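Worksheet for the structure shown next.
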Amino acid sequence: MPELPEVETVRRGLAPHLEGARLVRVVQNRADLRFPLPPDFVHRLTGATVIRLTRRAKYLLAELSTGETLVAHLGMTGRFMVGERQPGAFHHPAGDDPKHTHLVFETAPPDGGGGRIAYNDARRFGYMDLIRTDALINHPYFKGLGPEPLGPDFTPKGLASAFTGKRTSIKAALLDQRVVAGLGNIYVSEALHRAHIGPERLAETLKPSEIKRLVTEVQAVLTEAIAAGGSTLQDFRAADGELGYFQHRFRVYDREDEPCPNPKCTGVIRRIVQTGRSTFFCAKCQR
DNA sequence: CCCACGACCTGTGGGC
DNA sequence: TGCCCACAGGTCGTGG
């Protein structure tokens, strides 16, 4: 799932273990994830210190002391394990079969001791790369990305401009990372429900008042999800790892046939397929 | 350029 | 129980 809130939760969970830490040993168990890992991957990482861990859209960025940045995208099932713990649980549980542990980073944190961070990815839709830090913004991964939805550039005006001439559904438009970067299938359904906008509307037909509401609701749902994720990081004790904390926060996603959660609505959540992906919505209060 | 669709890969859950 | 199909957080390449 990892959409923006999950990636941000992973970042916050990893940061205390990575920032300032040196990578003393890196184990690479296969040559490729979604794409081949870059040449000399292990060699270029070993001995490097992680200066800081940031996020752009659904990418994690570990800036290294070597002048390169480790870029990681989690795809659908990519997960980092810090020792036995996983920061950022996902909606659909997936095993962490060790046969899908593709990379292990052994760390020497600045405050002493040692750490082990493993990357596990059953479907291998995730990928990693090493890019010169000073060349990041021009790299194809990032060049075409739209604004961060929680940043200053995500505005009703900007979104309206992106929707001009967009003869595709608002659902598909919001999944387009060039329009806004970080939303995925779950939070698009959630945001459209909260904004009372039907997912099949053509993007170019949204009125300014609707776009304004949409911006507000995208920001609200992401902020709430990040807060929920962050709160789980504190009680990250062994037993609770599997609690799907996002699950009971979703108002419509994966809730086909349930009553619409809008207290003023008597509708029922429906599931349709748009451009190959499930959309959940209430046909009564979303227009 | 725009848009829809299939492909990538593995696992899981439901129906029969 | 077993088998088969549908579906799962994402994106990329192709072809209309």
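This structure is a prediction, so every number in the text was calculated from the model and none was measured. Naming convention: chains lettered A, B, ... in sequence-line order (proteins, then strands); numbering from 1 in each chain.
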How about Lys58(A) and Pro2(A): do any of their side-chain heavy atoms sit closer than 4.5 Å?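 Not touching, per the 4.5 Å side-chain cut-off.
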Heavy-atom side-chain contact between Lys284(A) and Cys260(A) under 4.5 Å: no
Sugar-phosphate only, base, or nothing, as touched by Tyr127(A) at under 4.0 Å among non-hydrogen atoms: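 The residue Tyr127(A) makes sugar-phosphate contact but no base contact.
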Between atom [atom1] in [X] and atom [atom2] in [N], what is the gap in whole Å?
{"X": "Asp176(A)", "N": "dC5(B)", "atom1": "CG", "atom2": "P", "answer": "16 Å"}
{"X": "Tyr253(A)", "N": "dC7(C)", "atom1": "OH", "atom2": "C1'", "answer": "9 Å"}
{"X": "His102(A)", "N": "dC9(B)", "atom1": "NE2", "atom2": "P", "answer": "12 Å"}
{"X": "Asp254(A)", "N": "dT12(B)", "atom1": "CG", "atom2": "P", "answer": "17 Å"}
{"X": "Leu74(A)", "N": "dC9(B)", "atom1": "CG", "atom2": "P", "answer": "19 Å"}
{"X": "Ile272(A)", "N": "dA6(C)", "atom1": "CD1", "atom2": "P", "answer": "19 Å"}
{"X": "Leu145(A)", "N": "dG10(C)", "atom1": "CG", "atom2": "P", "answer": "14 Å"}
{"X": "Leu175(A)", "N": "dC3(B)", "atom1": "CG", "atom2": "C1'", "answer": "14 Å"}

Return no unless some side-chain N or O of [X] is found under 4.0 Å from OP1 or OP2 of [N].
{"X": "Thr168(A)", "N": "dA4(B)", "result": "yes"}
{"X": "Lys171(A)", "N": "dC3(B)", "result": "no"}
{"X": "Arg124(A)", "N": "dT10(B)", "result": "yes"}
{"X": "Gln177(A)", "N": "dT11(C)", "result": "yes"}
{"X": "His100(A)", "N": "dT10(B)", "result": "no"}
{"X": "Lys58(A)", "N": "dG10(C)", "result": "yes"}

Just wondering, more than 12 heavy atoms not from Arg30(A) lying within 6.0 Å of its CZ?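 More than 12 within 6.0 Å, yes.
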Is there ring stacking between Phe125(A) and dC8(B), where the centres must be under 5.5 angstrom apart and the planes under 30 degrees?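 Yes, Phe125(A) stacks on the base of dC8(B), since the ring centres sit under 5.5 Å apart and the planes are within 30°.
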How does DNA chain C look in dot-bracket notation if pairs are Watson-Crick or G-U with both distances under 3.5 Å, crossing ones as [ ], other-strand ones as |? .|||||||.|||||||
Taking the same atom, P, in dC9(B) and in dC3(C), what whole-Å distance lies between them? 24 Å
When the C1' atoms of dT11(C) and dT12(B) are considered, how many whole Å apart are they? 23 Å
Side chain of Lys99(A): nearest nucleotide among dG11(B), dC7(C), dC12(C)? dG11(B)
Name the closest nucleotide to the Arg167(A) side chain, picking from dC12(C), dC3(B), dG11(B).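 Nearest to the side chain of Arg167(A) among the choices is dC3(B).
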Here's a test of your reading of the structure: between Arg178(A) and Gly276(A), which maps to the more 5' nucleotide of DNA chain B? Arg178(A)
Using the rule side chain to side chain contact (heavy atoms under 4.5 Å, CB included), only one of Leu64(A), Leu37(A), Thr69(A), Val71(A) pairs with Leu130(A); which is it? Leu64(A)
Consider side chain to side chain contact (heavy atoms under 4.5 Å, CB included). Of Asn120(A), Val10(A), Asp121(A), which one does Arg79(A) pass it with?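 The passing option is Asn120(A).
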Is it the case that dA8(C) (base atoms only) and Arg123(A) (side chain only) share a donor and an acceptor within less than 3.5 Å, ignoring hydrogens and angles? yes
Examine the base of dT11(C) for any acceptor or donor lying under 3.5 Å from a partner atom in the side chain of Arg34(A), and report the outcome as yes or no.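 When only heavy-atom distances are counted, Arg34(A) does reach the base of dT11(C) through a donor-acceptor pair under 3.5 Å.
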Below 3.5 Å between N/O atoms, which protein atoms pair up with nucleotides 14-16 of chain B? Just atom names and distances, please.
none

Heavy-atom donor-acceptor pair, [X] side chain to [Y] backbone, under 3.5 Å:
{"X": "Gln177(A)", "Y": "Leu183(A)", "value": "yes"}
{"X": "Arg251(A)", "Y": "Arg194(A)", "value": "no"}
{"X": "Gln286(A)", "Y": "Ile197(A)", "value": "yes"}

Nearest-nucleotide wise, let me know which of Arg277(A) and Arg271(A) is further upstream toward the 5' end of DNA chain C. Arg271(A)
Quick one: do Arg167(A) and Glu204(A) make a salt bridge, cutoff under 4.0 Å? yes
Taking only Lys NZ, Arg NE, NH1 and NH2, and the carboxylate oxygens of Asp or Glu, determine whether Arg11(A) and Glu8(A) approach each other closer than 4.0 Å. yes
Hey, do the aromatic rings of Phe142(A) and Tyr59(A) have their centres closer than 6.0 Å? yes
